[in-house]
Undergrad: 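I'd like to ask you about the structure that follows.
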Protein chains: 2
Amino acid sequence: MVHTSTEHEVLAVVFQVGDAHSRKPALNVLLWQRALAPERGKWSLPGGRLRADEDLTSSVRRQLAEKVDVREIAHLEQLAVFSDPGRVPDVRTIASTFLGLIPSPATPVLPPDTRWHPVNALPEMAFDHAPMIEYARTRLAAKLSYTNIGFALAPTEFALSTLRDIYGAALGYQVDATNLQRVLARRGVITPTGTTAHPGRTGGRPAALYRFTDSQIRVTDEFAALRPPG
Amino acid sequence: MVHTSTEHEVLAVVFQVGDAHSRKPALNVLLWQRALAPERGKWSLPGGRLRADEDLTSSVRRQLAEKVDVREIAHLEQLAVFSDPGRVPDVRTIASTFLGLIPSPATPVLPPDTRWHPVNALPEMAFDHAPMIEYARTRLAAKLSYTNIGFALAPTEFALSTLRDIYGAALGYQVDATNLQRVLARRGVITPTGTTAHPGRTGGRPAALYRFTDSQIRVTDEFAALRPPG
DNA sequence: GCAAAAGTGTTGCGCGTACACCCATGC
DNA sequence: GCATGGGTGTACGCGCAACACTTTTGC
């Protein structure tokens, strides 16, 4: 009799906004290229098997440590579970997915098989990893609108035009810096530092610098409707 | 050597709004009482072990069928994974939780060990099932405000005062029927049937009847802020 | 007629967007 | 000076909540 056990793996969709390979900043995802079968040559999300003595979050952190400096991960949260019995060949494997965010300036050294890829131009993905990225991006876009999650993508101090580019890259459409400032300021999400940046070579008024008030996720606009009375 | 395998279980938080045991309608959750150790006598969420050949959704449906008529489940969606290595004794077990909703009037026969409990007065819960219910309730409240998920709690046809009571029970605070009508009508979530209900013994103007336009979940107010231009 | 329940109208405000206009810098 | 980028001010619209007022029934 064959003992059909079930494995449990953890996979992380790690995003960062960067301007690798192009002028305009874009939303990138961390991928590594498979050197062995199955799906050799295709690109995978970082992750791996869950150990018996760790919970999911510890497992993601441990496995991401092989690819990036975990201290740079500013936010990490559970996404969905992918459980189709045939999603990977041979042994039945359930995948719990996570969303990880790394602030914009940091780009540490990566292992040779690992690279950032723009989410708008993904390489050939292994298994069912492509829909996982899609799911993560949708979740990120939604949370940008009703939480302070931007703190995990932005530098500690930034000009508003920088933040506009980050939101634009993450959302997939251009955002107006003026209104972004007002929305985030009213909600208390960003705070002015009082200092200003130096203008570029081409001139222009020096930009005021801001920082995110909190460095932990916080819901800022919980109810679109049906608010509690008061 | 001890072979430390990892089990995977599925647990469902099934809600229904009913007026069992009291005059005012309340949000109830489906629980069964454990007859055997561990945690004998305490109350559990329905669910059980995942089989090798089924995905999570199939597994929930199969296991809920032992407790209720699955045809009455109007909505079912994944919640979070609970993965603390010590969350249940002995064998390490990961739990994937689900939110299930059953419309208001239907209350079929239940097995003798199974009962509806008001979420505001839960009995002693087994393991970590209490926080799962809390999580599910939070998710339900959030989705009531930006999706049409109310369809899964309401009867097929209903007066607005009935719907007000359902929303009130699910959200935990009173809702104004007038504004509820306006919000849901503008979004196209509810449609008038053209018919009216008969007033009660005590008189009153006959109420217009409505139904939910869709019977599948749909996001009706995706972005609280940072909408795409247009 | 009176009480009760349902529905309509009105007002006001907070939030978000769009856009015109003013400010500070490099060259 | 002018171009460039940043910031401020204003105006509009919409969604939603609060509440007063009207309509329709049973008794």
Side-chain angles (χ1 to χ4, degrees), chain A residues 23-25 144-147 150 157-165 167-168 171 173-210 219-230, chain B residues 23-24 144-148 157-168 171 173-210 219-230:
Chain A
R23 198 55 37 203
K24 283 287 107 193
L144 279 173
S145 84
Y146 69 90
T147 71
E157 294 199 354
F158 49 86
L160 254 138
S161 53
T162 309
L163 194 63
R164 163 182 31 86
D165 290 341
Y167 272 69
L171 291 171
Y173 52 82
Q174 285 191 314
V175 174
D176 182 63
T178 299
N179 295 327
L180 185 63
Q181 194 275 351
R182 271 200 266 258
V183 169
L184 298 183
R186 177 178 33 220
R187 295 178 175 177
V189 172
I190 57 173
T191 318
T193 65
T195 56
T196 55
H198 293 293
R201 310 126 203 83
T202 157
R205 176 170 166 176
L209 292 179
Y210 291 82
V219 174
T220 59
D221 192 33
E222 190 162 11
F223 296 95
L226 310 176
R227 305 183 183 84
Chain B
R23 197 55 36 201
K24 282 287 109 188
L144 278 173
S145 84
Y146 70 90
T147 71
N148 66 339
E157 293 200 354
F158 49 86
L160 251 135
S161 53
T162 308
L163 194 63
R164 165 184 26 87
D165 291 342
I166 291 171
Y167 272 70
L171 292 171
Y173 52 81
Q174 285 191 314
V175 174
D176 182 65
T178 299
N179 295 328
L180 185 63
Q181 194 274 353
R182 272 200 264 258
V183 169
L184 298 183
R186 179 183 25 219
R187 293 177 175 179
V189 171
I190 56 173
T191 318
T193 65
T195 57
T196 56
H198 293 294
R201 310 127 204 83
T202 158
R205 176 170 169 176
L209 293 179
Y210 292 82
V219 174
T220 58
D221 193 32
E222 189 161 13
F223 296 96
L226 310 177
R227 304 182 184 82

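Atoms considered below: every heavy atom in the structure, side chains included; atoms not considered: hydrogens, waters and symmetry mates. Naming: A, B, ... by sequence-line order, numbering from 1 per chain.
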Undergrad: Look at the side-chain N and O atoms of A/S161 and state whether any lies under 4.0 Å from the OP1 or OP2 oxygen of D/dG6.
TA: yes
Undergrad: Within this structure, what is the CG-to-P distance between B/L180 and C/dA6, rounded to whole angstrom?
TA: 13 Å
Undergrad: Tell me: CD of B/Q174 to P of D/dA18, nearest whole Å?
TA: 12 Å
Undergrad: Classify the nucleic acid contact of A/A208 as base, sugar-phosphate or nothing, counting any heavy atom under 4.0 Å across all strands shown.
TA: sugar-phosphate
Undergrad: Find the distance A/D165:CG to D/dG5:C1' and express it as a whole number of Å.
TA: 12 Å
Undergrad: Output the rounded distance in Å from CZ (A/R205) to P (D/dC2).
TA: 21 Å
Undergrad: Between atom CZ in B/F223 and atom P in D/dG15, what is the gap in whole Å?
TA: 16 Å
Undergrad: Write down the atom of B/V175, the atom of B/R164, and the distance for their closest heavy-atom approach.
TA: O-CD, 2.8 Å
Undergrad: Return the 5'-most residue of the pair A/T202, B/N179 with respect to DNA chain D, ranking by each residue's nearest nucleotide.
TA: A/T202
Undergrad: Check B/P206 against B/A197 and note the closest heavy-atom contact, atom names and distance.
TA: CB-O, 3.2 Å
Undergrad: Look at the aromatic rings of B/Y210 and B/F158 and report parallel, tilted or perpendicular, splitting at 30° and 60°.
TA: parallel
Undergrad: Of the candidate nucleotides D/dT25, D/dC19, D/dC16, which contains the atom at the shortest distance from the side chain of B/P206?
TA: D/dT25
Undergrad: Looking at A/T191, A/T196, A/T195, which hits side-chain hydrogen bond (donor to acceptor under 3.5 Å, both in side chains) with A/T193?
TA: A/T195
Undergrad: May I have the distance from A/H198 (atom NE2) to C/dG26 (atom C1'), rounded to whole angstrom?
TA: 14 Å
Undergrad: Output yes when at least one side-chain N/O atom of A/R164 is less than 4.0 Å from OP1 or OP2 of D/dG5, else no.
TA: no
Undergrad: How close or far is atom P of C/dA5 from atom CD of B/Q181, stated in whole angstroms?
TA: 20 Å
Undergrad: Would you kindly compare B/L226 and B/L209 by the position of their nearest DNA chain C nucleotide and give the one closer to the 5′ end?
TA: B/L209
Undergrad: Return the minimal non-hydrogen interatomic distance between A/V183 and B/A225, and the atom names on each side.
TA: CG1-CB, 4.3 Å
Undergrad: Should the side chain of A/R182 and the base of D/dG9 be counted as holding a donor-acceptor pair, with the cut-off at 3.5 Å?
TA: yes
Undergrad: Check the distance between D/dG15's C1' and A/D221's CG and give it to me in whole angstrom.
TA: 12 Å
Undergrad: For B/A207 and B/A225, take the nucleotide of DNA chain C holding the closest heavy atom to each; which residue's nucleotide lies nearer the 5' end?
TA: B/A207
Undergrad: Looking at C/dT17, C/dT8, D/dA17, which one has an atom nearest to any side-chain atom of B/V183?
TA: D/dA17
